[in-house]
Amino acid sequence: MADIAATGSPSISASPKAAADNAALHRMIFIGLAATLLVLPFIPVIGYPFFLMKVLCFALFACAFNLMLGYGGLLSFGHAAYFGLASYVSAYTAKHWGLTPELSILLGTASGAVLGLAFGSLAIRRQGIYFAMITLALAQMVFFFSLQTPRFTGGEDGIQAVPRNNLFGLIPLGSDTSTYYLVAAVFLAGVALIYRVIHSPFGQVLKAIRDNEARAVSLGYRVNQYKLAVFVLSATLAGLAGSMKAIAVQLASLTDVHWSMSGEVVLMTLVGGMGTVFGPIIGAAVIISMQNFLAGLGAWVTVVQGAIFVVCVLIFREGIVGVIGKWIKRPL
Amino acid sequence: MRPNADKTKSRMVGTSDDIILRTEGLTKDFKGFTAVSEVDLAVRRGTIHALIGPNGAGKTTCFNLLTKFLDPSRGTITYKGRDITSQKPAEVARLGLVRSFQISAVFPHLTVLENVRIALQRKRGDSFDFWVSESVLKALDGEAMRLVEAVGLADFAQHDAVELSYGRKRALEIATTLALDPEMMLLDEPMAGMGHEDVDRIAELIKRVSANRTILMVEHNLSVVASLSDQITVLARGKVLAEGDYATVSKDPRVIEAYIGAGHG
Ligand SMILES: Nc1ncnc2c1ncn2[C@@H]1O[C@H](COP(=O)(O)OP(=O)(O)OP(=O)(O)O)[C@@H](O)[C@H]1O
Ligand SMILES: [Mg+2]
C-alpha cells in the first residue's frame, strides 16, 4: 500500500504490550491450574480422584464445545453425539478387544473426528437456529442408533466395568490416583491445544467470522471451510473427552449420547463464561460438583441446576469467569 | 491528491477494453417486487464511478448482486472479461472486487488494528494453521498501523472496534477494505454518519487510493460525488435514469424530478 504509506511512518507503534501482558497472565493461570491439579487429590472432601477425573473429562468436553460456540459463534445442540460415540468406541475396544488405554482413547477420539466431519459438512450449510436444530437432529440419530445396537453399546445397561489396561501395555493404571494423573495430563494438553487454536492465525479468522460473517466473506474468506474445520476440531476434542471418560469412570452409557448431555455442556459453558478460555472449566466444576454433592436431593438437582442457570443468565450474563474478566479488565 | 486529473478524464474516452466491470440486463426480483431492473452498467478501469439515486432506488441491491451476496434473477456480470454471474461471494473478493457495507461492518470484538490485520492476513493465503502462534501475524502490524493512521484512527488502534463511534467504524471499514489492496472497490455510502472533518479526510483518502484502482461508490453527499467522480450513474426504482459526468447528470430534468419526487430537494 505504497500510496497510503505516503503519510509517513506511524506516530504510535502498534503496541503489542497488551497482548503480551494477557499471554503472560494466561501462562500464570495455566501454571496455577497445573499445580492445583497436582495437589488436588490430597485435599479432603473434594479430593477423591474418581470425582476429580469426572470433572476434568467434562471440563475438557465443555472447553471443546466452547471453542465452537465462543470463538466460532456456532451453537451446536448435539455435542453429546461426539462425546458419547467416542465413549462407546473407547469402552468397547478396551473391553472387547483388550486395547491399551492410549489406543482405545485414540480410536474413540478418531471416531469423534469422523462423525464431526460427517455431521459438520451437513450442518454448516445452515445458520443460527437451523444450524442448532440440524446438529440436534443428527445427534438424536446417534442416540437411537445406540439404543438399537445393544450388541455394541450394551443398550440400557451401557458398557460397564470397562477395564483399565496397562498404559502402553506397560504402566499399570491400577489405582484411581494414577489414572487421575493421566487424565489430568491429557486434560492440560487438550486445554493448551485449544488455547493455541484460539490464538493462532486460524483463530483470528474464526473470531472474525463469529463477529461478522458477511464481512469475512467480503474479505475473501471461504467461511464454510473455517466453520467445518472448527467443527471437526471441536468434535475431535469432545471425542477425546468422551473416550477418556469411559476409561476413567469405567462406564459408557446412553446418558453420554442423550440430548440432555448436549444441554448440559451448553449449561457448563454458559455458567462458566462462553468465549473465555477458562470459563468452561469452572462451569464444568460447578455443575459436576452440584450433581455430586447434591445427589441426595434426587430429582431436585435438576431444579437447582435450572435455578442456577436462570440466575446466571439474569445476573452474570458473561458467566462466572466472564464477569471476573470484566472486573479485572482482562480477557480470561 | 491525484497527480493528474486531466489524464483520468482523457482515459474516459477509451475503448471497451477499458471496461473493468460490466453488467447486462441485471435484474433482481424480490417476490414480485423488482428492486433492480435491466441495469446495464459499464465501469471504466481506473475511474471513480458514482452510483446515486433516491432511497430505495436499488443501489445496495446492485452492490449485493455485483459481489454475489445476492444471485441475480436475470442478466450477466462480467469482471475483467470474465463472467462472474455464478461465482461465490468469497471468490469474487479473491478476484480483487471487494466491497464495503452500508451498515458499518466491522469485527466488533477484535481491536481496530486486528480488524485491518485480518484483511492483510489474506495475503498469507488460507489460514488453517491452527497450531501456529498468532505472533506470526505481528509481521503485519506495521502495515496495519499505517492503514489505521491513514483513516485517522491511530489513537484507537488497541481499542475494540465495538467501542468506536459510528463514523469511526466507517473509517475502519475503509481501512480494512483498502488493506486487501483490491483492484476494484465498491463503497456503499462510505461517508454516511461522519462529521465534516472526517468526510474531507475520507474523500481525500479515496482520491489518493484511486490512483491505481477502480472505485464504484454509492454516496448521498452530492458535493463529494461532484468532486470525486469521473462518471455518475443515476438509479431510480431499480432502473438507470441517467448517466454522464456531474454537470450532465445534475442538469437532467428526470434526475431532478426523481430526487424531488423522493423528497430529496
Ligand atoms: N432482501 C430483500 N427482500 C425484499 N425487498 C428488498 C430486499 N432488499 C432490498 N429490498 C427492497 O429493494 C429496494 C431497493 O433497496 P436498496 O437497499 O437496494 O436501496 P438503496 O438504493 O440502497 O437505498 P438507500 O439509499 O436507502 O440505501 C427497496 O425498496 C427495498 O425495500
Ligand atoms: Mg443502500
Side-chain angles (χ1 to χ4, degrees), chain A residues 1-20 23 67 70-73 192-226 228-230 232-234 236 275 331, chain B residues 67 69 88-94 98-101 105-111 113-115 117-119 121-122 124 126-138 141-150 154-155 157-158 161 173 175-181 205 208-209 211-212:
Chain A
M1 300 294 326
D3 45 344
I4 292 174
T7 36
S9 60
S11 56
I12 300 176
S13 67
S15 133
K17 194 166 163 292
L67 174 63
Y71 297 94
L193 173 64
I194 290 172
Y195 186 83
R196 171 46 66 84
V197 173
I198 295 167
H199 296 94
S200 69
F202 173 76
Q204 278 288 318
V205 178
L206 212 55
K207 288 176 224 170
I209 295 172
R210 170 199 67 189
D211 274 13
N212 192 334
E213 183 172 341
R215 185 52 170 156
V217 170
S218 79
L219 296 180
Y221 285 107
R222 293 164 177 151
V223 297
N224 276 356
Q225 297 181 3
Y226 288 87
L228 183 58
V230 75
V232 173
L233 274 172
S234 176
T236 307
Chain B
T67 49
F69 276 72
K88 290 210 171 71
E91 308 310 314
V92 171
R94 283 167 177 241
V98 179
R99 68 173 302 181
S100 72
F101 291 80
V106 296
F107 303 113
H109 302 293
L110 301 185
T111 66
L113 192 76
E114 285 172 332
N115 262 269
R117 202 176 62 180
I118 203 81
Q121 205 180 317
R122 282 276 302 107
R124 307 173 71 236
D126 286 317
S127 289
F128 291 112
D129 41 358
F130 61 82
W131 56 89
V132 170
S133 164
E134 66 187 346
S135 61
V136 298
L137 300 176
K138 285 207 184 97
D141 280 352
E143 198 176 350
M145 196 59 205
R146 277 194 292 280
L147 285 153
V148 168
E149 279 231 314
D155 292 346
Q158 299 302 329
E173 204 189 331
T176 307
T177 307
L178 277 174
L180 288 180
D181 199 6
L205 178 69
R208 182 149 32 94
V209 300
N212 48 5

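Bear in mind that the values here come from a model prediction, so they are computed numbers and not experimental data. Reminder, nothing fancy here: chain letters follow the sequence lines and each chain counts from 1.
Listed options A:Gly275, A:Ala229, A:Ala216 were ranked by heavy-atom pairs under 4.5 angstrom with chain B; first place goes to A:Ala216. Most heavy-atom pairs under 4.5 Å with chain A: of the set B:Arg122, B:Gln121, B:Arg99, this distinction falls to B:Arg122. Counting heavy-atom pairs under 4.5 Å between each of B:Thr67, B:Thr177, B:Val136, B:Val92 and chain A puts B:Thr177 at the top.
Contact of B:Val132 with chain A is made through backbone and side chain together, with heavy-atom distances under 4.5 Å. Residue B:Glu173 touches chain A through both its backbone and its side chain, counting heavy-atom pairs closer than 4.5 Å. For a residue to count as touching a neighbouring chain, one of its non-hydrogen atoms must lie under 4.5 Å from one of that chain's; by this rule B:Ser135 does not touch chain A. Using a 4.5 Å cut-off between heavy atoms, B:Thr176 contacts chain A through both its backbone and its side chain. Both the backbone and the side chain of B:Asp126 come within contact range of chain A, with heavy atoms under 4.5 Å apart. Interface residue A:Leu233: only side-chain heavy atoms are found under 4.5 Å from chain B. Contact annotation for B:Val106: only backbone heavy atoms (N, CA, C, O) come within less than 4.5 Å of a heavy atom of chain A. Proximity to chain A is limited to the side chain of B:Leu137, based on heavy atoms less than 4.5 angstrom apart.
Closest non-hydrogen pair, B:Pro89 versus A:Val217, comes out as CB-CG1, 3.5 Å. Contact record, A:Tyr221 with B:Ala90: O-CB, 3.5 Å, taken as the closest heavy-atom pair. The two residues B:Leu180 and A:Ser218 have their closest heavy-atom pair at CD1-O, 4.3 Å. The two residues B:Ile118 and A:Ala208 make their nearest non-hydrogen contact at CG1-CB, 3.9 Å.
Rounded to the nearest 0.5 angstrom, A:Leu193 CG and B:Trp131 CH2 are separated by 11.0 Å.
Side-chain atoms of B:Ser127 and A:Gln204, non-hydrogen and from C-beta on, never get closer than 4.5 Å to each other. Under the 4.5 Å side-chain criterion, counting only non-hydrogen atoms from C-beta, B:Arg94 is in contact with A:Arg222.
Remark: B:Phe69 engages B:Phe101 in a ring-ring contact (aromatic ring centres under 6.0 Å, His included) (not counting sequence neighbours).
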Exercise. Give the C-alpha distance, both sets of side-chain angles, the deciding distance and a yes or no for side chain to side chain contact (heavy atoms under 4.5 Å, CB included) between B:Ser133 and A:His199.
Key: CA-CA 6 Å; B:Ser133 164; A:His199 296 94; over 6 Å; no
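By the 30° and 60° cut-offs, the orientation of the rings of A:Phe202 relative to B:Phe130 is perpendicular.
Checking side-chain atoms of B:Glu134 against main-chain N and O of A:Gly203 turns up no donor-acceptor pair under 3.5 Å.
Sorted by first and then second residue, the salt bridge (Lys or Arg N to Asp or Glu O under 4.0 Å) pairs with a member in residues 204-217 of chain A read A:Glu213-A:Lys227; sequence neighbours excluded.
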